[in-house]
Amino acid sequence: MAIIKAPNEKYNGVSASLTFVNGQAETDDEWLIQWFKERGYEVIEEEKKKTKKSE
């Protein structure tokens, strides 16, 4: 999961299919995450959890 922060922290609307509320949206879509990064949006990504198999 990633949080996308719009340049305008008060923005409410839809950009590139994501709904922003108070300047923030969330997505798991790697393509959209990269798209927003390339356009200068702040992107905060959760660290992916690794699972260990029990032996």
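Since we're looking at a predicted model, the values are computed, not measured.
Shown here for Thr19 and Ala25, the closest heavy-atom pair between the two residues is O-CB, 3.4 Å. Taking every heavy atom of both residues into account, Glu26 and Leu18 meet most closely at O-CD2, 3.9 Å.
Apart from Met1 itself, the hydrophobic cluster it occupies contains nothing, where clustering links Ile, Leu, Val, Met, Phe, Trp and Tyr at side-chain heavy-atom distances under 4.5 Å. Grouping Ile, Leu, Val, Met, Phe, Trp and Tyr by side-chain contacts under 4.5 Å, direct or through others, puts Ile44 with Ile3.
A search for ring pair (Phe, Tyr, Trp, His ring centres under 6.0 Å) contacts involving Tyr41 returns Phe36, not counting sequence neighbours. Gln34 meets the side-chain hydrogen bond (donor to acceptor under 3.5 Å, both in side chains) test with Glu38; sequence neighbours excluded.
Criterion: ILVMFWY side-chain heavy atoms under 4.5 Å apart, direct or through other members. Under it, Trp31 and Ile33 are part of a common hydrophobic cluster.
The side chain to side chain donor-acceptor pair (under 3.5 Å) contacts involving residues 4-18 comprise Tyr11-Ser15, where partners must be two or more places apart or lie in separate chains.
Rounding to the nearest 0.5 Å places CD of Gln24 at 8.5 Å from CD of Glu42.
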